[in-house]
Number of protein chains: 2
Amino acid sequence: MIYLDWAATAVPRSDLIGEANRLALQHYGNPSSIHAHGIVAENLIRKAREELSLLLKCKPSELIFTSGGTEANNKILNSVLRFLQNPRFKSNPKKIIVTGIEHPSVYNPALNLARYGFETEIINPGKSGIIETKNIEEKLTNDTVLVSAMLINNETGAIQPVKKISCMIAAYKKNSGRRTIFHTDAVQAFGKVPFHPHELGVDAATISAHKVGGPKGTGVLFLRENLLPEFIYSGGDQELGRRPGTENVAGILGMQLAASAQAASSQADHTRISALADLVLESLSRIEGSILIPSTRMEKRDDYSPYIIKASFPPIPGEVIVRALDEQGIMISTGSACHARSEKRLRVLENMGIKREAAKSSIRISLGHSTTEAEINRTMQVLDRVISGLRKTM
Amino acid sequence: MIYLDWAATAVPRSDLIGEANRLALQHYGNPSSIHAHGIVAENLIRKAREELSLLLKCKPSELIFTSGGTEANNKILNSVLRFLQNPRFKSNPKKIIVTGIEHPSVYNPALNLARYGFETEIINPGKSGIIETKNIEEKLTNDTVLVSAMLINNETGAIQPVKKISCMIAAYKKNSGRRTIFHTDAVQAFGKVPFHPHELGVDAATISAHKVGGPKGTGVLFLRENLLPEFIYSGGDQELGRRPGTENVAGILGMQLAASAQAASSQADHTRISALADLVLESLSRIEGSILIPSTRMEKRDDYSPYIIKASFPPIPGEVIVRALDEQGIMISTGSACHARSEKRLRVLENMGIKREAAKSSIRISLGHSTTEAEINRTMQVLDRVISGLRKTM
C-alpha cells in the first residue's frame with residue numbers, strides 16, 4: 001500500500017497519538033473541575049498550549065483549540081455576524097473579501113454571509129493559482145471587516161503572498177484608521193513550511209492536527225492578542241470563553257505532540273520532499289497527454305509547496321484514475337476530500353480559469369514526511385501504465 | 001481516590017476508548033476520500049451511526065456527530081439566526097423560549113440571540129427545580145421559532161416534563177399551523193434513563209460521549225427527519241453537509257462503544273444507583289445544618305435523577321467543601337464544571353429562587369455506573385467530619 005493523499009489526512013503518528021490518549025485516559029478529570037483530577041488535566045492542556053505557542057512564536061493565550069480546521073475557519077469568518085446586532089447594518093453593509101481558491105470551510109461561509117446582507121467579494125487568481133495582492137487591494141474599502149486568504153492552496157500547492165497581503169492591509173489600516181481582520185487558512189502550510197503568524201502579520205490563522213499526523217477532530221485558531229471578535233458559539237468558560245465545551249484533552253495533547261515531531265524534522269523533510277516532488281513533476285511530464293496544473297509549475301517550482309502536486313489527463317475522469325490506482329494499492333485523490341463526491345470539487349480549478357474538462361480529469365498527489373523515493377517511483381510507473389491503458393479504452 | 005463528579009465527566013471506559021483509537025489509527029484514511037483507506041473509515045462511521053440509532057430508536061440520518069454537547073446545543077440554538085436573512089426580521093422579531101436552568105451552552109446562546117433582535121423568553125421553575133408546562137404554554141406565540149428545555153438538570157438532577165411540553169407544543173402547532181422546533185438537552189439523561197427522542201416527541205436533542213464514559217470532544221445532535229434548519233457553520237459535505245469538517249473517527253467510534261456499554265447495564269445501574277442515592281440523601285439529612293436542594297427531594301425522589309444530588313451547608317462556601325474533600329481524595333464539585341470558577345455558576349440555583357447564600361454554599365455529588373456503596377459510605381463519613389470541622393472554624 002502506498003499512501004499519497006497526505007493533503008486529505010496525514011498518516012497518523014500512532015505512537016504519539018497513543019501516548020496522548022493514555023495520558024488523557026489516566027488524567028480523565030474535566031479540566032474545568034477544581035479538584036485534583038481536574039487540575040491535572042488543566043495542566044496538561046496548559047503545557048500543550050505553551051509548547052505549541054513556542055512552535056508558532058506567539059503567546060499561549062493567542063491559541064484557541066477547536067474541533068479542527070473547519071471549525072476554526074468558520075469561527076473567524078462567522079465572527080462578522082456580530083455586525084448584524086447593529087440595526088443600521090442593512091443600510092451600511094460590511095464587506096468581506098476571500099479568494100476563490102479557499103477551502104470550502106472558508107469559501108462556503110463567505111458565500112453564506114452574502115445572504116445575511118454582507119457584501120462578499122471573491123478574488124480569483126490567474127492560471128498560476130496565485131492571488132495578486134493588488135487585486136485584493138483594489139477591492140479593499142473602509143467597510144471591509146475581514147479578508148481571508150489561504151497560505152498554501154490545498155489543491156495545487158500554490159503558495160499565496162500572505163505576507164505581502166498583510167503588509168498591504170496594514171498600510172491601508174494605518175491610513176484609513178479602520179480595522180480589518182486578516183485571516184489565513186494555514187492548514188496545508190503548518191508543519192511543512194516556516195509558519196509564524198506574527199511574522200506573517202496576520203490577525204488570525206487556522207491550523208489542523210490531522211494534517212501533521214495528529215488526531216482528527218482537533219485544530220487551532222490563532223487569534224492575535226487584543227483582538228476581540230465576538231464568536232457565535234457560547235457556553236462555558238473554556239478557552240477564556242472563546243470556545244466553550246469540555247476540552248478534548250486527548251486531541252489537544254495529540255496535536256501538540258504531532259506538531260512538535262513534525263517541526264523537529266520539518267526543514268530536512270522539506271528538502272527531501274522537494275527532490276521527490278521534482279521526480280513526480282518530471283515523471284508526469286513524460287506521461288502521454290498529461291497537463292500539469294498550473295502549467296507553469298515546472299519553471300516556477302518555488303512558488304508551489306512540494307507536498308502537493310496537481311495534474312490532469314483529459315478526457316479521463318479523475319475518479320477513474322483514482323480508482324484504478326486504488327486497485328493497485330496506491331492512494332491518491334481527485335482534489336479536496338471534503339467535496340470528493342460532488343461537482344463542487346471543480347470550483348477551485350474553475351476559479352483559476354482552468355477548463356471544466358481539465359478540472360474533471362485532474363488528480364492530486366500529495367506527499368508527507370515519510371514518503372519514500374521507492375513509493376514515488378512505483379506510483380509514477382503505475383500511473384503511466386494506468387493512463388496508457390485507460391487511453392486505449394476511451 | 002473516590003470520584004463522585006460524574007456529571008462533569010464520567011470515568012472513561014478506557015478499554016473501549018482504546019479499542020476505538022486503535023481502529024481509527026489502523027484505518028486512518030479521510031472518511032471522505034474515495035480510495036480504500038477512506039472507504040473503510042467511512043464504513044466504520046456508518047456502522048457506529050447505525051448502532052447508535054438503534055439505541056435511540058431513530059434513523060441513522062437523524063444523528064449528526066458534533067464535537068460535543070456544547071456544539072450540538074449551540075448548533076440548534078443558533079440555527080434560528082437564519083431568520084436574520086429576512087430583511088423584515090427587525091419589524092417582525094422571532095421568539096425563542098428556554099428555561100432558566102439550562103446548561104450554559106443553551107442559556108448563553110439564548111441570551112446572545114436577544115442581542116440580534118430575537119425575543120428571548122426565560123422560564124424559571126419554582127424551588128422544586130422542575131419547569132411547569134403551563135408556564136411555557138403561556139409564552140408560546142405564533143412567532144416562537146424554538147423552545148429548548150433540558151431533560152435532566154445537571155445541577156439538581158430534576159427531571160423536566162419534556163414529554164408533556166412536547167405534547168403541548170405539538171397541539172399548539174396543530175392548531176396554529178406554525179412551526180416551532182422543540183429541542184431538549186439530554187446530556188445528563190442519555191444512558192441513565194430511557195431516552196428515545198421520537199417517543200419524547202422532540203424535534204432535536206443533544207447528547208454527549210464523555211458523560212457516558214466515552215471520549216471528550218464528541219457529541220450528537222439528534223435532528224428529526226425532514227427538519228431542515230440552516231446551520232451557521234458550513235464547509236465540506238460531511239454529515240450530509242450539516243456538520244462539515246473531517247470526522248473525528250476515534251471520537252465517533254468511542255462514543256458508540258461507550259454508549260452501547262452504558263445501555264447494556266443502564267436499567268440495572270439505575271436500580272443500584274437509586275439505592276445509593278437514598279443512602280446519600282439519608283446521610284445528608286443527618287449532617288448538621290445541611291439543606292437538600294430542592295428541599296422537597298426526600299419526599300419526591302422519583303422526580304430527580306439518582307445520579308445527581310445537590311446539597312448546601314451555609315455559610316460554608318461550596319469551594320471550601322470541595323477542596324476539603326479533595327484533600328481526602330474525594331472528588332465532588334460545586335456545580336457545573338463549565339462555570340466552576342465564576343459567579344455565573346450560581347445562576348441555575350438563583351433562577352430556582354434559592355437564596356444566594358445557600359447557592360454559594362452548595363455542592364454537587366454525582367454518581368456513575370461503577371460507584372460503590374463503600375465509596376458512598378466513606379464519602380458521607382468524611383463529609384460529615386469535614387462539615388463539623390469547618391463549622392467549628394467559622
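By convention in this document, chain letters (A, B, ...) are assigned in the order of the sequence lines, proteins followed by strands, and residues within each chain are numbered from 1.
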Most chain B-contacting option - heavy-atom pairs closer than 4.5 Å, from A:Ser33, A:Ser32, A:Gly217, A:Gly245 = A:Ser32
ask   = Does B:Asn108 use its side chain to pair, donor to acceptor, with the backbone of A:Gly235 at less than 3.5 Å?
value = yes
message = Sub-4.5 Å heavy-atom contacts with chain B: which residues of residues 206-213 of chain A show up?
response = A:His210
message = What I'd like to find out is whether the side chain of A:Ser234 reaches to under 4.5 Å of the side chain of B:Pro109, using heavy atoms alone.
response = yes
key: A:Arg323, part contacting chain B, at a heavy-atom distance under 4.5 Å   = side chain
query = Under a 4.5 Å heavy-atom cutoff, which of B:Ile34, B:Ile330, B:Val249, B:Leu325 has the most pairs with chain A?
reply = B:Ile34
ask   = Contact part of A:Glu247 toward chain B, heavy-atom cut-off under 4.5 Å: side chain, backbone, both or neither?
value = backbone
query = Top residue by heavy-atom pair count (under 4.5 Å) with chain A, among B:Lys344, B:His37, B:Met331, B:Gln238?
reply = B:Met331
inquiry  = Donor-acceptor check, side chain of A:Asp326 to backbone of B:Ala36, threshold 3.5 angstrom: yes or no?
reply    = yes
ask   = Just by modelled atom types, is the A:Gly18 backbone N or O under 3.5 Å from a matching donor or acceptor in the B:Asn21 side chain?
value = no
Interchain contact, A:Asp5 with chain B, by part (heavy-atom threshold 4.5 Å) = side chain
task = Scan A:Leu77, A:Asn78, A:Asn73 and name whichever one has a side-chain contact (heavy atoms from CB on, under 4.5 Å) with B:Tyr233.
result = A:Asn78
key: Contact origin within A:Val11 toward chain B - heavy atom pairs under 4.5 Å   = both
query = Between A:Leu84, A:Ile252, A:Thr66, A:Asp237, which has the largest tally of heavy atom pairs under 4.5 Å with chain B?
reply = A:Asp237
request  = For side-chain contact (heavy atoms from CB on, under 4.5 Å), just list the numbers for A:Met1 and B:His35, CA-CA rounded to whole Å, side-chain angles, deciding distance to a tenth of an Å, and then say yes or no.
outcome  = CA-CA 11 Å; A:Met1 294 285 238; B:His35 52 59; over 6 Å; no
key: Per-residue contact mode, B:Ile17 against chain A (heavy atom under 4.5 angstrom)   = side chain
Heavy-atom pairs under 4.5 Å with chain A, option from B:Glu42, B:Gln26, B:Glu327 with the top count = B:Glu42
query = If you count heavy-atom pairs under 4.5 Å with chain A, which of B:Gly117, B:Pro215, B:Pro104 comes out on top?
reply = B:Pro104
task = Please determine, by modelled atom types, if A:Ser14 and B:Arg22 share a side-chain donor-acceptor pair under 3.5 angstrom.
result = no
Pick from B:Leu25, B:Asn112, B:Thr218 with the largest number of heavy-atom pairs that fall under 4.5 Å of chain A = B:Leu25
request  = Evaluate the side-chain proximity of A:Ser105 to B:Pro244: yes if any heavy-atom separation is below 4.5 Å, no if none is.
outcome  = no
ask   = Side chain, backbone, both or neither: which part of A:Ile332 has a non-hydrogen atom closer than 4.5 Å to chain B?
value = backbone
query = Any idea which heavy atoms bring A:Ile232 and B:Asn74 closest together, and the distance?
reply = O-OD1, 4.1 Å
message = So does A:Ala8 get a backbone contact from the side chain of B:Asn30, meaning a donor-acceptor N/O pair under 3.5 Å?
response = yes
query = If every non-hydrogen atom of A:Glu71 is compared with every non-hydrogen atom of B:Ser67, which pair is closest and at what distance?
reply = OE1-OG, 4.3 Å
key: Exam field: side chain B:Lys216 to backbone A:Ala24, donor-acceptor pair closer than 3.5 Å   = no
ask   = Which region of A:Lys75, side chain (C-beta onward) or backbone (N, CA, C, O), has a non-hydrogen atom less than 4.5 Å from a non-hydrogen atom of chain B, or is it both or neither?
value = both
Geometric class of the B:Tyr28/A:Tyr3 ring pair [parallel <30°, tilted 30-60°, perpendicular >60°] = perpendicular
request  = Determine the option with the most heavy-atom pairs under 4.5 angstrom with chain A, choosing from B:Gly29, B:Gly69, B:Gly329.
outcome  = B:Gly29
